[in-house]
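Naming convention: chains lettered A, B, ... in sequence-line order (proteins, then strands); numbering from 1 in each chain.
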There are 2 protein chains.
Amino acid sequence: MKLEYSHKLIIDNVSRFIDLTELEKQKYISLLTEIKVKKKAFLMQAGDITRFEYFITKGCLKVYTLDVDGAPHISMFAVEDYWTGDMASFITKQPSRYFIKAIEDSELLGISRANYDLLFQEIPKFERFYRILYQKSLISYIRRSNYGISLTAEERYIEFKKKYPHIVNRITQKDLAGYIGITPEFMSKIISKVNRM
Amino acid sequence: MKLEYSHKLIIDNVSRFIDLTELEKQKYISLLTEIKVKKKAFLMQAGDITRFEYFITKGCLKVYTLDVDGAPHISMFAVEDYWTGDMASFITKQPSRYFIKAIEDSELLGISRANYDLLFQEIPKFERFYRILYQKSLISYIRRSNYGISLTAEERYIEFKKKYPHIVNRITQKDLAGYIGITPEFMSKIISKVNRM
DNA sequence: TAAAAGTCTTAAACTAGTTCATTTTTTTTC
DNA sequence: GAAAAAAAATGAACTAGTTTAAGACTTTTA
């Protein structure tokens with residue numbers, strides 16, 4: 001079976017943790033929805049009940065909330081081969097507090113809540129896939145949940161550059177500040193300081 | 001089948017997400033190890049390769065790292081009916097950066113890495129249990145990973161009291177400071193301020 | 001391709017949280 | 001139940017990061 005690029009990408013991603021037969025691959029792909037979103041457009045907004053979990057096949061997006069003062073707090077940048085969405089809203093069917101906005105023209109594959117549930121009935125192996133995917137995400141979020149309180153802003157910036165070299169030059173300094181958790185002004189100071197070192 | 005208290009607790013916990021037959025329950029329990037740890041004793045220390053994932057049946061423990069200056073950063077307090085451990089070390093078999101120390105005399109059920117792997121072969125339903133358990137943990141860690149950078153220390157303290165009323169009076173102010181990410185001195189100030197309000 | 005909008009830089013005054021030092025209170029230990 | 005150890009409170013001097021404001025540079029849009 002010849003797969004188109006985006007389908008090959010997601011099958012390769014899934015195949016890191018579980019083996020699928022040709023029939024299962026086709027079944028899985030049939031449960032996905034193709035989505036395109038132009039630069040600056042929203043994939044979802046706060047107040048929405050999230051209908052999909054997303055896999056990015058092309059582009060770059062930011063996931064963020066607005067605090068009481070209207071300042072954005074970016075929780076992740078999602079690029080090719082990443083999974084994103086708002087799992088809390090997707091699972092609980094409660095309105096989301098997150099915005100997801102495209103930083104570049106982007107293409108995604110979405111799985112709806114109904115198809116996500118169906119997937120486990122049709123191909124129980126996916127319980128294992130998601131068990132391992134969530135386990136790996138959990139390991140990185142557990143680590144990250146301490147960053148904000150145990151590292152200085154400068155240390156967090158250096159960590160980000162080391163961990164995400166493929167992302168750092170696709171985003172603005174302002175958005176990076178929103179991720180690191182500081183003002184754009186202080187971000188500017190840190191970057192010029194670190195570059196001088 | 002009459003279960004002893006600690007086994008009943010863990011079976012009830014697992015049964016929130018999956019249904020087990022009597023035979024499966026017995027099989028599962030046979031894979032667990034009972035562990036007791038006295039107040040102030042370590043369940044594990046940085047440098048160890050974590051042998052178990054733990055379920056607490058009695059007591060209270062703190063999970064923490066030491067930063068370069070030797071200051072403790074507490075990542076969780078674990079009480080009855082909680083799961084804890086260092087998943088990164090457990091999965092990758094690399095040395096841990098965490099300490100787990102009992103705050104009260106505690107009793108736990110541990111599953112070894114070998115039995116964890118075996119469990120999925122013997123009772124594949126557990127892929128689903130862990131998929132859902134990790135999914136729920138992930139939802140709360142995703143939320144928490146933004147707390148450090150988007151809330152003030154006072155707001156984090158108020159959140160903690162609201163979310164963990166059953167824990168707040170079992171731990172010292174000093175340990176709470178280590179969790180909130182501030183000095184014990186500033187914690188003291190915040191608490192007296194919040195109580196005055 | 002010009003104007004508009006957004007991003008980046010710099011600097012001075014400010015605030016949340018730290019550090020260090022001392023005293024009081026509570027808990028642990030023998 | 002006394003002595004020792006640990007935790008909590010308080011205060012003064014300090015630092016990381018914010019706020020506000022203004023000008024320079026880049027990107028977007030018509």
Subject >> Most 5' of B/Ala153 and A/Gln173 on DNA chain C, judged by nearest nucleotide >> reply: A/Gln173
**OP:** To the nearest Å, give me how far apart CG (B/Leu151) and P (C/dA16) are.
**Re:** 15 Å
Subject >> Pair B/Glu53-B/Tyr116, side-chain donor/acceptor within less than 3.5 Å >> reply: no
Original post:
Which of the following nucleotides, D/dG17, C/dG17, D/dA8, is nearest to the side chain of B/Thr172?
Top reply: D/dA8
**OP:** For A/Asp69 and D/dT18, give me the distance from atom CG to atom P, rounded to whole Å.
**Re:** 13 Å
Original post:
Can you check the A/Tyr157 OH to D/dA16 C1' distance for me, whole Å?
Top reply: 18 Å
Original post:
Between C/dT18 atom C1' and A/Ile149 atom CD1, what is the distance in whole Å?
Top reply: 15 Å
Original post:
In whole angstrom, what separates A/Ile190's CD1 from C/dC8's P?
Top reply: 14 Å
Original post:
In this structure, which one of A/Phe120, A/Tyr134, A/Tyr28 forms a ring-ring contact (aromatic ring centres under 6.0 Å, His included) with A/Phe126?
Top reply: A/Tyr28
**OP:** Apply the test side-chain contact (heavy atoms from CB on, under 4.5 Å) to residues B/Arg156 and A/Ile149: give CA-CA distance (whole Å), side-chain angles for both, the deciding distance (0.1 Å), then the verdict.
**Re:** CA-CA 11 Å; B/Arg156 277 176 270 149; A/Ile149 58 172; 3.3 Å; yes
Subject >> Any A/Met44 side-chain heavy atom under 4.5 Å of A/Ser96 side chain >> reply: yes
Subject >> Side-chain heavy-atom pair A/Thr50, A/Tyr98 within 4.5 angstrom cut-off >> reply: no
Original post:
Pick one: which of B/Leu61, B/Ile103, B/Val63, B/Thr84 meets side chain to side chain contact (heavy atoms under 4.5 Å, CB included) with B/Phe77?
Top reply: B/Ile103
Original post:
Side chains of B/Glu159 and B/Arg143: closer than 4.5 Å at any heavy-atom pair?
Top reply: no
**OP:** Take atom NZ of B/Lys193 and atom P of C/dT15, then tell me their distance rounded to the nearest Å.
**Re:** 13 Å
Subject >> Within residues 179-189 of chain A, residues whose heavy atoms come under 4.0 Å of DNA chain D >> reply: A/Gly181, A/Ile182, A/Thr183, A/Glu185, A/Phe186, A/Lys189
Original post:
Would you call A/Lys27 and A/Glu24 a salt bridge, taking side-chain N to carboxylate O under 4.0 Å as the test?
Top reply: no
**OP:** Flag the pair A/Leu133 / B/Arg131 as yes when at least one side-chain heavy-atom distance between them is below 4.5 Å, and no otherwise.
**Re:** no
Subject >> Side-chain heavy-atom pair A/Asn13, A/Phe129 within 4.5 angstrom cut-off >> reply: yes
Can you give me the N/O atom pairs linking the protein to nucleotides 22-29 of chain C at distances under 3.5 Å, or say none if there are none?
unit_1 : atom_1 : unit_2  : atom_2 : d
C/dT28 : OP1    : B/Lys39 : NZ     : 2.7

Original post:
To the nearest angstrom, how far is B/Glu154 atom CD from C/dT18 atom P?
Top reply: 14 Å
**OP:** Send over the distance from A/Glu104 CD to D/dT28 P, rounded to a whole Å.
**Re:** 11 Å
**OP:** Find the bend of the helix from C/dT1-D/dA30 to C/dC30-D/dG1 as the angle between its two terminal axes (five pairs each), to the nearest 10°.
**Re:** 70°
**OP:** Using a strict 4.0 Å threshold on nitrogen-to-oxygen distance, state whether A/Asp81 and A/Arg16 make a salt bridge.
**Re:** yes
